Amino acid sequence: MRNLQSFKTYCVVGCISLLLISCGGNKEKPVKNGVDAEILNLTDSTVSFYSALTPLEKIKGREPSFYLDIPVDSNGIFVRPLDLLEGYYYLEYDHNKNLYFVQHGKRLSLDFDATQPTEKPDYSGKLKYESRYLFDRALEQANFLANQNRYYAYDEKQFIESIELLRGKMDTQLVMYISNHPTGSPRFMQQESLTNLYFMASQIEAYPLYRNENSQELSADYFHFTDVLNINDTNASSNPEFYDFIVNYVWNRAGVPTSETNIQQQITFVDSNFTVNEYKDYLRFTAAKEVTQWKNESQRKIALDTLIGLINDTEIRQFLVKNVEKDTAAIPTMEHVILEDQ
């Protein structure tokens with residue numbers, strides 16, 4: 001754990017920087033912008049462009065607030081003026097998709113080969129810096145996740161060294177983006193800083209859960225960095241990496257949801273440590289999805305009824321019931337939950 005202290009120091013500095021970033025009121029007035037592209041070797045005659053869902057929107061069963069299928073000509077070219085709100089969007093093509101960030105009054109312009117999804121597109125226009133950064137960040141994350149099983153076989157020192165290496169690459173990319181484009185969106189810079197922070201944290205928390213069963217006992221200060229993070233960080237309410245982090249955080253401290261005892265421990269732990277109801281609901285939703293896989297029907301029913309009854313948000317509760325019914329071939333005793341909300 002010799003590297004963990006430097007990790008903590010670096011991220012504390014990053015967190016201080018975050019406090020200095022203002023979201024500028026996050027005005028949502030749409031301004032004419034849009035997207036255009038030239039895509040070589042495209043198989044489909046259309047591409048899809050849609051807003052990214054937050055984790056909370058997903059567990060409410062919502063659809064993207066913006067979705068558009070765009071026809072592409074025979075040369076793979078399209079130009080589409082649009083009124084888009086600032087935020088994250090996906091461009092999906094030939095069963096691949098890439099994440100982009102759109103700002104008010106700035107067009108998203110790109111050229112790429114559909115048969116080479118790991119090759120960076122040629123970006124132009126005022127959003128080229130954000131687009132390049134997101135592509136590089138996604139590639140670093142994908143390469144790490146593709147080798148997770150190998151990393152989980154490492155001993156603690158090797159794993160931390162791998163995390164430190166990835167952290168260095170991602171933070172360097174972000175610092176270079178901010179240095180070269182300081183007038184970019186405050187929202188983008190804030191969320192990308194949080195993405196780097198919580199991706200690292202989620203991986204630190206994932207290692208004890210998924211590492212080789214024959215691994216040596218973790219050192220006493222292994223969780224020193226993640227123990228001091230704010231698990232009620234409202235700035236991260238739309239950040240996917242944050243939700244992965246808090247799930248792993250709870251599972252390490254209250255047990256994986258594989259038994260009634262662990263479910264009760266999770267409920268107590270979450271109620272004692274989390275103050276944001278949306279985060280509590282997400283953790284209960286995630287636990288319930290794990291419970292649907294239990295083989296003991298009576299234990300499964302008790303645990304599910306308990307978790308569903310604790311969900312605060314009506315949309316989340318109703319969507320969870322639908323998921324449970326689908327996963328367990330319908331549980332009649334849960335019909336009263338739907339009726340109470342009607």
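If you're wondering where the values come from, they're calculated on a predicted model, not measured in any experiment.
The line from CD1 of Ile302 to CD of Gln264 is 10.0 Å long, rounded to the nearest 0.5 Å. Between Glu161 atom CD and Asp155 atom CG the span is 8.0 Å, to the nearest 0.5 Å. Summarising the geometry, atom CH2 belonging to Trp294 is positioned 7.0 Å from atom OG1 belonging to Thr258; distances are rounded to the nearest 0.5 Å. Between atom CG of residue Leu127 and atom CG of residue Leu110 there is a gap of 10.5 Å, rounded to the nearest 0.5 Å.
The aromatic rings of Tyr177 and Tyr133 sit tilted relative to each other, their planes meeting at an angle between 30° and 60°. The aromatic rings of Tyr198 and Phe242 stand perpendicular to each other, their planes meeting at an angle above 60°, with 30° marking the opposite boundary.
Across all non-hydrogen atoms, the minimal contact from Thr46 to Pro71 is CG2-CA, 3.9 Å. Here the closest non-hydrogen pair linking Pro240 and Pro55 is CA-CG, 3.6 Å.
In this structure, Tyr154 has its ring center under 6.0 Å from that of Tyr151. Ring pair Phe49/Tyr90: centre-to-centre distance not below 6.0 Å. Ring centers of Tyr89 and Tyr100: at least 6.0 Å apart, outside the cut-off.
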Check against salt bridge (Lys or Arg N to Asp or Glu O under 4.0 Å), Lys106 and Glu130:
CA-CA 11 Å; Lys106 297 183 179 181; Glu130 289 81 4; 5.2 Å; no

Quick one: do Gln191 and Leu194 satisfy side chain to side chain contact (heavy atoms under 4.5 Å, CB included)? Show the steps, please.
CA-CA 5 Å; Gln191 289 305 309; Leu194 291 171; 3.7 Å; yes

For a salt bridge (Lys or Arg N to Asp or Glu O under 4.0 Å) check, start with the C-alpha distance between Asp305 and Lys301, then their side-chain angles and the critical distance, and finish with the verdict.
CA-CA 6 Å; Asp305 282 344; Lys301 174 184 175 301; 3.1 Å; yes

Phe245 and Gln203: side chain to side chain contact (heavy atoms under 4.5 Å, CB included), yes or no, with the steps?
CA-CA 8 Å; Phe245 160 63; Gln203 294 306 314; over 6 Å; no

What's the verdict on salt bridge (Lys or Arg N to Asp or Glu O under 4.0 Å) for Arg167 and Glu140, showing C-alpha distance, side-chain angles and the deciding distance?
CA-CA 10 Å; Arg167 187 251 321 172; Glu140 290 292 350; over 6 Å; no

For Phe112 and Ile39, what are the C-alpha separation, side-chain angles and deciding distance, and is it a side chain to side chain contact (heavy atoms under 4.5 Å, CB included)?
CA-CA 5 Å; Phe112 63 94; Ile39 308 175; 3.6 Å; yes

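A side-chain donor from one of Ser219 and Asp221 sits under 3.5 Å from a side-chain acceptor of the other. A donor-acceptor contact closer than 3.5 angstrom is absent between the side chains of Asn248 and Ser202. In summary, the side chains of Asp69 and Ser48 do present a donor paired with an acceptor at a separation below 3.5 Å, with no hydrogens or angles considered. Side chains of Glu205 and Thr226: a donor-acceptor N/O pair is present below 3.5 angstrom, by distance only. Defined by atom type and a distance below 3.5 Å, a donor-acceptor pair is present between the side-chain atoms of Arg137 and Gln141. Counted by atom type alone, Asn232 and Thr234 present zero donor-acceptor pairs between their side chains at under 3.5 Å. Neither side chain, Glu278 nor Ser237, offers a donor N or O lying under 3.5 Å from an acceptor on the other. Counted by atom type alone, Gln173 and Asp136 present zero donor-acceptor pairs between their side chains at under 3.5 Å.
A 4.5 Å side-chain heavy-atom check between Asn323 and Lys289 finds at least one atom pair inside the cut-off. Side-chain contact check for Met200 versus Leu166: some heavy-atom pair is nearer than 4.5 Å. Using a 4.5 Å heavy-atom cutoff, the side chains of Tyr50 and Leu91 are not in contact. In this structure, the side chains of Leu320 and Ile59 stay at 4.5 Å or more apart for every pair of heavy atoms. Contact annotation: the side chain of Tyr123 never approaches that of Tyr129 to less than 4.5 Å [non-hydrogen atoms, C-beta and beyond]. Between Pro208 and Tyr222, the closest side-chain pair of non-hydrogen atoms falls below 4.5 Å. Put simply, the side chain of Pro117 reaches to within 4.5 Å of the side chain of Asn96, judged on heavy atoms. Within the 4.5 Å cutoff, side-chain heavy atoms of Phe135 are placed close to those of Pro121.
Here Arg211 does not pair with Glu156 in a salt bridge; the nearest charged N to carboxylate O distance is not below 4.0 Å. Residues Arg284 and Asp313 are not paired through a salt bridge, judged by the lack of any N-O separation under 4.0 Å between the basic side chain and the carboxylate.
Partner of Tyr279 under the ring pair (Phe, Tyr, Trp, His ring centres under 6.0 Å) criterion, out of Tyr243, Phe285, Tyr249: Tyr243 alone.
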